[in-house]
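I have placed the structure first, in the form of structure tokens, so that the comments after it can refer back to it.
Each chain gets a letter, A, B and so on, in the order its sequence line appears, and its residues count up from 1. Keep in mind that what you see is a predicted model, and the values were worked out from it rather than measured.
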2 protein chains.
Amino acid sequence: MTLSKDADALRAAQMYYLQDLTMDAIARDLRTSRSTVSRLLSAARESGLVQIQIRNPLDTGPELEGMIRRRYNLDVHVVPILGTLNEAETLDRVAMQAARTIGPLVDSNAIIGVAWGSTLSAVSRHLTRKITHDSVIVQLNGAGNMHTTGITYASDIMRRFGSAYGARVEQFPVPAFFDHAATKTAMWNERSVQRVLELQAKMSIAIFGVGSVHADYPSHVYAGGYLDEEDLNALANSDVVGDVATVFFRADGSSDGIVLNERSTGPALAQLRQVRRRICVVSGVSKINGLRGALAARLATDLILDEATARRLVDYEGLTS
Amino acid sequence: MTLSKDADALRAAQMYYLQDLTMDAIARDLRTSRSTVSRLLSAARESGLVQIQIRNPLDTGPELEGMIRRRYNLDVHVVPILGTLNEAETLDRVAMQAARTIGPLVDSNAIIGVAWGSTLSAVSRHLTRKITHDSVIVQLNGAGNMHTTGITYASDIMRRFGSAYGARVEQFPVPAFFDHAATKTAMWNERSVQRVLELQAKMSIAIFGVGSVHADYPSHVYAGGYLDEEDLNALANSDVVGDVATVFFRADGSSDGIVLNERSTGPALAQLRQVRRRICVVSGVSKINGLRGALAARLATDLILDEATARRLVDYEGLTS
DNA sequence: TTCCCTCCTGCACGTTTGTGCATAGTGCTT
DNA sequence: AAGCACTATGCACAAACGTGCAGGAGGGAA
């Protein structure tokens, strides 16, 4: 039954997308109703059987993408956003497009590092399926905080990635920040932790958002009970502008001497830069400061962001350069 | 103007295919009418800006494809065809799907050999655009016959390929068959011809149909004034079943001792087999004999054919193996 | 300017498509 | 066997879509 359904979906997809027949004609061929064909085609798109790609002609692309691409030397996708949309709607659109952009990049045998946060959560909800073999999803940083182990929140994201790509999921069951750097040192010698760290070292793709300290909505990290008063003061005194996977950096991309990073469970920025494909997803102009820092630190090879933020990025840069 | 149109098309395509917005919503964003958006999207698909692919899960694919794939060890695409369709309609459907299947295989720097005939003509009419750089389309065999130089017929095909892929076109302005083998030898030493032959030697992709001697509709070659009475008798006496690019072969795939081949301008089968990707397009059960010969000769790495012919192929093979 | 040609746009209409809902089927538990 | 939970199907309706057509904008040529 499920076999004949896949076969039907394939057949329907071929006839619809490759031969331009109407669903009605296909329904007659498959001896079923037109509605069923409509649903078959939905399923075919959803499951990645049908892949729709948009190649943007790199050279003639919209001004905005070209400027960002040249300035930062990375692959950028600007998500066009209708005039007035609230933050949540924008995030949803960006996430949808990010999910579809990521799809083609995921291959068999990939080791994919995934961060967590509201951005990643949104992305994970829009992933389209794609079958791969022997791929692994590995969590980039711990998600526990003072109140919860964070397991359910982060693991939902991980699980969705895993099932979209048919990949093994490796959780990272530690807090986002240790209370004492010494504990981290100790844990980092545990074999269970080392297995995760080794996977991280071999990542071929990393996917993350950015946190921004001065955002209108502070990111999860800054408001979710992960940091106490003292920590927040320390961040301010170190001129921190944002973070990626709970590792902090300044506006110029530097991160040396930020003590909180010694207690953070995310990958050192130098290590992150080793990853071949580093996909950064950003939605909302309030992340602009964090984003600038992340770009200064050369943390991303691919950037997906909404139009307003993109415009802000080039405007500002235009003034200072 | 044309710039903003491309930009609009790109933007519209992103919103439509990646964000699932309605054309209405996109029209409002672009400050134009819904109709215009509909047309923009058509243009985007037509021009290859939007690419739709269907990956068939190799292992779970439909029975028919699996059997052919395993038996002949090649990549096969069976084109589903509605119950009763005449030859012309079938050819059109197969050609449409072939054109869309070929698209993704064409890369920059490719040298693409193209044969001619009713099949290739149909395929050429359905190509979707895809911009490549420094690609070349090279004609596989001459098209002249006793009555015409064949220039217009074959060159239309070539030109369509060339403009679909933004490629340079190299015609092969010789007859399909020389009257005397000696003339061929002489011509083959001409530098203008050698340039074409050298290109053929470097082909990375070859695209061709098959001719079948006993077809209900004999192919172009057998009925178009290319061969005289004597030639046809010679073919019959040599047990020829079909041809690819006016090079003939027997049911077992052999071609040695077929004298007509010495006067043919198509590439020797041994040379054709050197090409990495050899795409064979077949429509209509009457080509079954020629097709079997071509497969026996291992001329194809990729086969695109209609469902009825595919079924006939495995049925017959099932009996004899 | 005026005419003519071509290309582009929006409207209006008929067609095609998505989807809520009621129903029928399927498999699992008791 | 009966009950239950869940999924798949077709119907009917509303929404979304493609396209012929008529009008309008541009751009030479006379």
### Query
For B/Leu30 and C/dT9, what is the distance between atoms CG and C1' respectively, to the nearest whole Å?
14 Å
### Message
Using whole Å, what does the distance between atom P of nucleotide D/dC17 and atom CE of A/Met23 come to?
### Response
11 Å
### Query
Is the base of D/dC17 touched by the side chain of B/Ser35 through a donor-acceptor pair closer than 3.5 angstrom?
no
### Query
For B/Tyr16 and D/dC17, is the shortest distance between a side-chain N/O and OP1 or OP2 below 4.0 Å?
yes
### Rounded distance (Å) that lies between atom C1' of C/dT9 and atom CZ of B/Arg34
13 Å
#### Entry: Of the listed nucleotides C/dT19, D/dG18, D/dT19, the one nearest the side chain of A/Arg39
C/dT19
### Query
Side chains of A/Ser121 and A/Arg125: is there a donor and an acceptor less than 3.5 Å apart?
yes
## Note on the structure
For A/Ser42, the side-chain contact (heavy atoms from CB on, under 4.5 Å) test, sequence neighbours excluded, returns A/Arg45
### Task
Please determine, by modelled atom types, if A/Gln19 and A/Gln14 share a side-chain donor-acceptor pair under 3.5 angstrom.
no
### Task
Provide, to the nearest angstrom, the distance between the CG atom belonging to B/Leu21 and the P atom belonging to D/dA16.
11 Å
### Task
Would you classify B/Thr32 as touching base, sugar-phosphate or nothing, given that sugar-phosphate means primed atoms plus P, OP1 and OP2, and contacts are heavy atoms under 4.0 Å?
sugar-phosphate
### Query
Are the side chain of B/Thr36 and the backbone N or O of B/Thr32 linked by a donor-acceptor pair below 3.5 Å?
no
### Task
Describe the nucleic acid contact of A/Thr36 in one word from base, sugar-phosphate, nothing, applying a heavy-atom distance below 4.0 Å.
sugar-phosphate
### Query
According to a strict under-4.0 Å criterion, is B/Ser38 in side-chain N/O contact with OP1 or OP2 of D/dG18?
yes
### Message
For the backbone of B/Asp302 and the side chain of B/Asp75, can you confirm whether one donor and one acceptor N or O come within less than 3.5 Å of each other?
### Response
no
### Task
Find the distance B/Leu40:CG to C/dC8:P and express it as a whole number of Å.
11 Å
### Message
Applying a 4.0 Å non-hydrogen cut-off, can you work out what B/Thr22 is touching in the nucleic acid: base, sugar-phosphate, or nothing?
### Response
sugar-phosphate
### Euclidean distance, atom CG of residue B/Asp20 to atom C1' of C/dT19 [Å, nearest integer]
15 Å
### Query
What is the distance from CG of B/Asp24 to C1' of C/dT17, rounded to the nearest Å?
15 Å
### Query
A/Leu41 has an atom CG; how far is it from atom P of C/dG18, in whole Å?
7 Å
### Query
Of B/Arg31 and A/Ser42, whose nearest nucleotide on DNA chain C comes first from the 5' end?
B/Arg31
